[in-house]
Amino acid sequence: MCKGGGWKLSRSHSLFIISIACMMILFSLFGLLDAYWPHVGPIGNGPNYKKIWFQFSLQMLSAICFLVLGIHGYVKQRNEKKPPPGE
């Protein structure tokens, strides 16, 4: 823990979180594409659109939260290494 009660993310951790968030976004888009892709043969009662969009929105929300966390950690870590102006 660092001063102020927050957790410090290193550059490698921030980049790892950003890459995981991008993969989560891609997987949620592929899941949505697969849900609407026409299937061959009997498919039962058809797709449950509420379930599809609920899962998609929940996955995108969590991916966006991870992306914001990773970007925030990366920017904060990058700004710590820069000396303040005038010094």
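Just so it is clear, the structure is predicted and the values come from calculations on it, not from any experiment.
- Every side-chain contact (heavy atoms from CB on, under 4.5 Å) that I20 has, sequence neighbours left out, goes to F16, M23, M24.
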Report the C-alpha distance between D34 and F30 in whole Å, list the side-chain angles of each, state the deciding distance to 0.1 Å, and finish with yes or no for side chain to side chain contact (heavy atoms under 4.5 Å, CB included). CA-CA 6 Å; D34 183 54; F30 285 138; over 6 Å; no
Listed pairs under 3.5 Å, donor-acceptor, residues 63-74 side chains, sequence neighbours left out:
none

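- Residues that satisfy the side-chain hydrogen bond (donor to acceptor under 3.5 Å, both in side chains) test with Y36, not counting sequence neighbours, are W53.
- Scanning for side-chain contact (heavy atoms from CB on, under 4.5 Å) contacts around K51 gives N48, Q55, with sequence neighbours left out.
- Hydrophobic clustering, defined by side-chain heavy atoms of Ile, Leu, Val, Met, Phe, Trp and Tyr closer than 4.5 Å, leaves L61 isolated from every other such residue.
- For H13, the side-chain hydrogen bond (donor to acceptor under 3.5 Å, both in side chains) criterion is met by S10, not counting sequence neighbours.
- Interatomic distance, Q59 CD to L26 CG, rounded to the nearest 0.5 Å: 12.0 Å.
- Under the 4.5 Å side-chain contact rule for hydrophobic residues, L33 and F54 do not share a cluster.
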